[in-house]
Amino acid sequence: MTKDMTVGSPMKLVFNFAIPLMFGNLFQQFYAMVDTIIVGRFLGTGPLAAVGSTGSINFLILGFCLGTCAGFTIPVAQTFGSKDIRDLKRFVGNIVWLAAGFSLVFTVATVVLCRPILQWMHTPADIIDDAYNYIVVIFLGIPTIVLYNVLASLLRALGDSRTPVVFLVVASLLNIGLDLFLILVIPLGVAGAAWATVISQGISGLACLAFIWKKFPLLHISRDDLVPRKRYMKRLLGMGVPMGLQSSITAIGSILLQTSVNGLGSVVVASVTAASKLYQLFGCVFDALGVSMSTYGGQNIGARRGDRIFAGLRSGMIIGSVYSVVALVVIIFFGRPMVQLFVDSNETAIIDQAYQFMVIQTAFFIPLAGVNVIRLLIQGMGYSKLAVFAGAFEMIARGSFGLFLVPTFGFTMACFASPAAWVLADAFLIPAYCRVMKHVKQYGY
């Protein structure tokens, strides 16, 4: 079930590895979209806006957790590429301690600070209670989210991109069923949608753990592997924390942008919420490409096959560019009916604004492909600190739009904030990649 990405056609390897991830991400976004549809249709536009208003803070906290989980497994991919099984198992053992520690600290901190953060973000008074009821449950479930994502990232590091998708599909179907039950049968409101997400993630993580125990002896660890070791901890933190910070720094810009959007009123918040769900559905392909490039880069650097890196980059960008064109055509012709999945057809202002938001975002998907392909490739190769700078450029762009342009020029500037962030990040990542490759050649990789 493992996959060696150090031999064979880079295009086939990247594409075949990404396909299950794309399917899994699409399915995950599909159930997230269904979750939003259920909230919007059965609870109304107010609760829909409340859930949407938590998106950026959700991205800030969970983005750090997920980025850190992915970063922790980069040394696992590298040692798998170099066939150093002893180090691989010791890295896994030390990941257990770090993941548990991060889960505990972030759960306590976010639950305590949840409402003050929403107040600081100027969440509208008519939706702040629902926003709190939703996001505080999500934060309580951080340990379940970390459990699944660490285990899934470990499997992907060894080249298995299919198995995590199976558990993700099961969790998604369970989530939809729990949404209906906890919102319609047991009327928990928006908190029901959050509990559905947490419960399904926990079950998915436990199923993934059982699968590894039965089918992946390579990831079985002994008591000696669980001994905390400074060298391993330092390297794991050196990979994981920058990737987590990259996501969080990017999210700071999103929070500033969301704060300015909140100031435009509940109708605009609902419009951006509906459009963002569609964007996440279409944009998840780039996330899959990024994970593929991270594994590809990690394994090939571990095997000292630096000569294969550019071919992988080229393959990832070709796939991303072709998809970007297709996505734009689909949104132009079918964007409005898609928005109507979330709101009634008489909500014309929301539909028009959401459609405008989506068309502008999709028109800049090729720069988004560049951000994901180049950044994750560099991270997988072990240069994760550069990702922090890429995230900083995204933060600067979104933050500038949120602080200055959206309050002055309104909703249209909110539509251009993320595209500007992607272009600015690419302006840093392209020369950063060239510098990394120069370093790789210099040291004989």
Side-chain angles (χ1 to χ4, degrees), residues 1-5 17 20-21 23-25 27-28 62 65-104 106-107 140-175 178 197-229 232-233 235-236 239-240 288 291-292 294-295 298-299 302:
M1 296 179 186
T2 59
K3 182 67 177 178
D4 189 347
M5 302 183 77
F17 190 90
L21 292 172
F23 175 76
N25 288 347
F27 203 90
Q28 187 177 35
L62 298 189
C65 294
L66 301 186
T68 302
C69 289
F72 283 164
T73 60
I74 287 175
V76 176
Q78 293 174 344
T79 51
F80 178 73
S82 64
K83 306 299 185 291
D84 189 343
I85 305 305
R86 189 196 70 166
D87 266 9
L88 186 153
K89 288 177 177 288
R90 288 184 175 180
F91 276 123
V92 173
N94 281 261
I95 286 172
V96 171
W97 290 110
L98 291 176
F102 271 88
S103 296
L104 178 62
F106 270 81
T107 299
L140 282 169
I142 284 176
T144 67
I145 295 169
V146 170
L147 174 65
Y148 169 76
N149 282 278
V150 164
L151 297 176
S153 295
L154 284 171
L155 291 173
R156 295 181 189 121
L158 303 186
D160 182 2
S161 62
R162 296 182 181 181
T163 300
V165 172
V166 174
F167 296 119
L168 186 60
V169 169
V170 173
S172 301
L173 295 173
L174 178 61
N175 196 344
L178 287 172
T197 299
V198 170
I199 294 170
S200 60
Q201 281 274 12
I203 292 174
S204 181
L206 292 174
C208 206
L209 181 62
F211 177 82
I212 289 174
W213 182 257
K214 291 184 177 181
K215 301 291 185 179
F216 261 83
L218 191 60
L219 292 177
H220 293 181
I221 53 177
S222 65
R223 182 175 298 180
D224 180 67
D225 297 323
L226 278 169
V227 174
R229 290 177 167 87
Y232 294 91
M233 290 277 191
R235 188 171 174 193
L236 288 169
M239 294 292 183
V291 174
S292 302
S294 178
T295 301
Q299 287 194 12

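The shown structure was predicted, so the numbers you read here are calculated from the model rather than taken from an experiment.
Annotation: the span from M233 atom CE to F91 atom CZ amounts to 11.5 Å, rounded to 0.5 Å. One distance of note links CD1 of I95 with CG of L226; it measures 11.5 Å at 0.5 Å rounding. One finds the CG atom of L209 at 6.5 Å from the CG atom of L147 (value rounded to the nearest 0.5 Å). Interatomic distance, I212 CD1 to L219 CG, rounded to the nearest 0.5 Å: 5.5 Å. The OG atom of S292 lies 5.0 Å from the CG atom of L21; values are rounded to the nearest 0.5 Å. Rounded to the nearest 0.5 Å, atoms CD1 (I145) and OG1 (T197) are 8.0 Å apart.
Side-chain contact annotation: D225 with S222, donor-acceptor N/O pair under 3.5 Å present.
Of all heavy-atom pairs between C208 and L155, the closest is SG-CD1, 3.7 Å. Contact record, M239 with G71: CB-O, 3.3 Å, taken as the closest heavy-atom pair. Of all heavy-atom pairs spanning A171 and S204, the tightest one is CB-CB, 3.6 Å. Minimum interatomic distance between Q299 and F80 (heavy atoms only, all atoms of both residues): NE2-CD2, 3.6 Å. Residues W97 and G93 come closest through the heavy atom pair CD1-O, 3.5 Å. Nearest heavy atoms, I74 versus S294: CG1-OG, 4.2 Å.
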* To do: Kindly determine whether R235 and Q78 satisfy side chain to side chain contact (heavy atoms under 4.5 Å, CB included), including the steps that lead there.
  => CA-CA 12 Å; R235 188 171 174 193; Q78 293 174 344; 2.4 Å; yes

* To do: Output, in order, the C-alpha distance, side-chain angles, deciding distance and verdict of side chain to side chain contact (heavy atoms under 4.5 Å, CB included) for F211 and L151.
  => CA-CA 10 Å; F211 177 82; L151 297 176; over 6 Å; no

* Asked: Could you walk me through whether F102 and V146 pass the side chain to side chain contact (heavy atoms under 4.5 Å, CB included) check?
  -> CA-CA 9 Å; F102 271 88; V146 170; over 6 Å; no

* **Derivation and outcome, side chain to side chain contact (heavy atoms under 4.5 Å, CB included), residues N149 and C65** => CA-CA 9 Å; N149 282 278; C65 294; over 6 Å; no

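By the 4.0 Å N-to-carboxylate-O rule, D224 lies close enough to R90 to be salt-bridged with it.
The side-chain heavy atoms of I221 and V96, taken from C-beta on, include a pair separated by under 4.5 Å. When side chains are defined from C-beta on, L168 counts as touching Y148, because their heavy atoms get closer than 4.5 Å. Using a 4.5 Å cut-off on side-chain heavy atoms (C-beta onward), L88 and L158 make contact.
No more than 12 heavy atoms of other residues, nucleotides or ligands sit less than 6.0 Å from atom NZ of K214. Within 6.0 Å of the CZ atom in R162, the count of heavy atoms belonging to other residues, nucleotides or ligands does not exceed 12.
Evaluation of the side chain to side chain donor-acceptor pair (under 3.5 Å) rule for D4 yields T6 as partners, not counting sequence neighbours.
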